[in-house]
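For reference, the structure discussed in these notes is given below.
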Amino acid sequence: MASLRKRVLNEFKQYFGYVPDLLVRAPGRVNLIGEHTDYNDGFVLPMAIDRAVWIALQPRQNAQVVLHSLDFRDCVRFSLEDIGERDKGWGEYVRGVAWALQQAGHRLRGWEGVVTGDVPRGSGLSSSAALELAVARAFAAASDIPWHPPEMAQLCQRAENEWVGVHCGIMDQLISACGERGRALQIDCRSLRTEPVPLPTHTQILVLYSAAPRNLAGSAYNQRRSTCETAVRQLQQRWPAVTALRDVSSTMLAQAADLLSPLQMRRARHVVSENERVLAAVAAMRAGDAQTLGRLMQASHDSLRHDYEVSSRELDLLVSLAMQTPGVYGARLTGAGFGGCAIALVQPEAAAAARRAIIEPYRAQTGLRGSTFVTMPTAGAEVWRLRR
Ligand code: GLA
């Protein structure tokens, strides 16, 4: 972390020839439990991780935005008076956030900056939400906009939904905006209320990266969303007050076999049971009960695998290797699925051996690189005003 901060400031000096006034950071995330529940108005339990996007920047007196990316070896330039057309690539997140802030009525100033990050891209750890929140924080600092994390998260989600065209829920942006050091956050995705929850003492989170391509992720994600929405319309015939799967209990679902197709039933069963598991996980964490939390993570993975069908051969292998490893309480895929990462809840003294015990057979059996790292909960998007 310290090294990225230093690097982005040094590079800024190389590009622009002076030391900037502002530095921002916004983190990626893992989700401990509560998957595919956010767009069903349900509960999630993510934590911001110690991998983040960093931007060093200086406000300008004009409406130009100039941002050099060290990771893409590319530069995005546009005028706030004419943000331009949608295009593809990392610059869309920058333009999209500017667009969403302007749509909300914020008056923006231009700035010049340099961006880098260490959230692995395309790995399901929300590198795009981290970039969006870093850009939002940069605009807010350069334009003197008060920083209200949940509102900024919503604007970044809007940028992703309407500008970039990915129909994600609110979880990734909200945790990147609101994360707390040393805590996971229980988020009610209907009210956007957040509640910090500590990891059980003497546990760590291990990230297990599958290095498998996330094929079909976009279209399959949208399909899952629309199946949930059609299931809600069916359930409304009997329960008119239901506006999202959040309003459905297991008992109600057990009485709904005549309303839903077998596929809708399986998808709904995942969402309804996953919401219940999040609440049980929060109780287990508050009681310091790592065993129960681990069992709930396992049950979440099984439900995502069989009922929601968003796991993959590689994620299943990582989870099953983790479960055979001493010191691991539980493991599950994290994020949208279809590739990306799994996480494991592990005893700290067992973590180093567990990383080897999982990744070596994984590499041998799949031929994929795969990698692991231990992570910890960090703060959400932040800004530093540098004294020169
Ligand atoms: C992606 C989306 C989130 C959420 C998860 C699944 O990360 O961006 O909004 O839906 O998938 O829980």
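As the structure lists them, so they are numbered: ligands from 1, and atoms in each ligand from 1. Owing to the predicted nature of the structure, the values given are computational and were not obtained by experimental measurement. What you see below is based on every heavy atom in this structure, not just the backbone, and it leaves out hydrogens, waters and symmetry mates.
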Plane angle bin for F12 and Y18 - parallel if under 30°, tilted between 30 and 60°, otherwise perpendicular: perpendicular
Quick one, list the residues around ligand 1 where some non-hydrogen atom comes in under 4.0 Å, by chain and residue number. R29, E35, H36, D38, Y39, C168, G169, M171, D172, Y221, G335, A336
Got a sec: does the CZ of R181 have more than 12 other heavy atoms crowding it under 6.0 Å? no
Stepwise salt bridge (Lys or Arg N to Asp or Glu O under 4.0 Å) test for E162 and R158: CA-CA 6 Å; E162 295 179 34; R158 183 163 181 211; 3.2 Å; yes
Just checking, R5 and W384: is the charged tip under 6.0 Å from the six-membered ring centre and within 45° of the axis? yes
Hydrophobic clusters join Ile, Leu, Val, Met, Phe, Trp and Tyr when side-chain heavy atoms are under 4.5 Å apart, directly or via other members; which others share one with L125? V30, L32, I33, F43, L45, M47, I49, V119, V197, L199, I205, V207, V278, L279, V282, M285, L293, L296, M297, Y329, I343, L345, F373
Of all heavy-atom pairs between P27 and A130, which one has the smallest distance, and what is that distance? O-CB, 3.5 Å
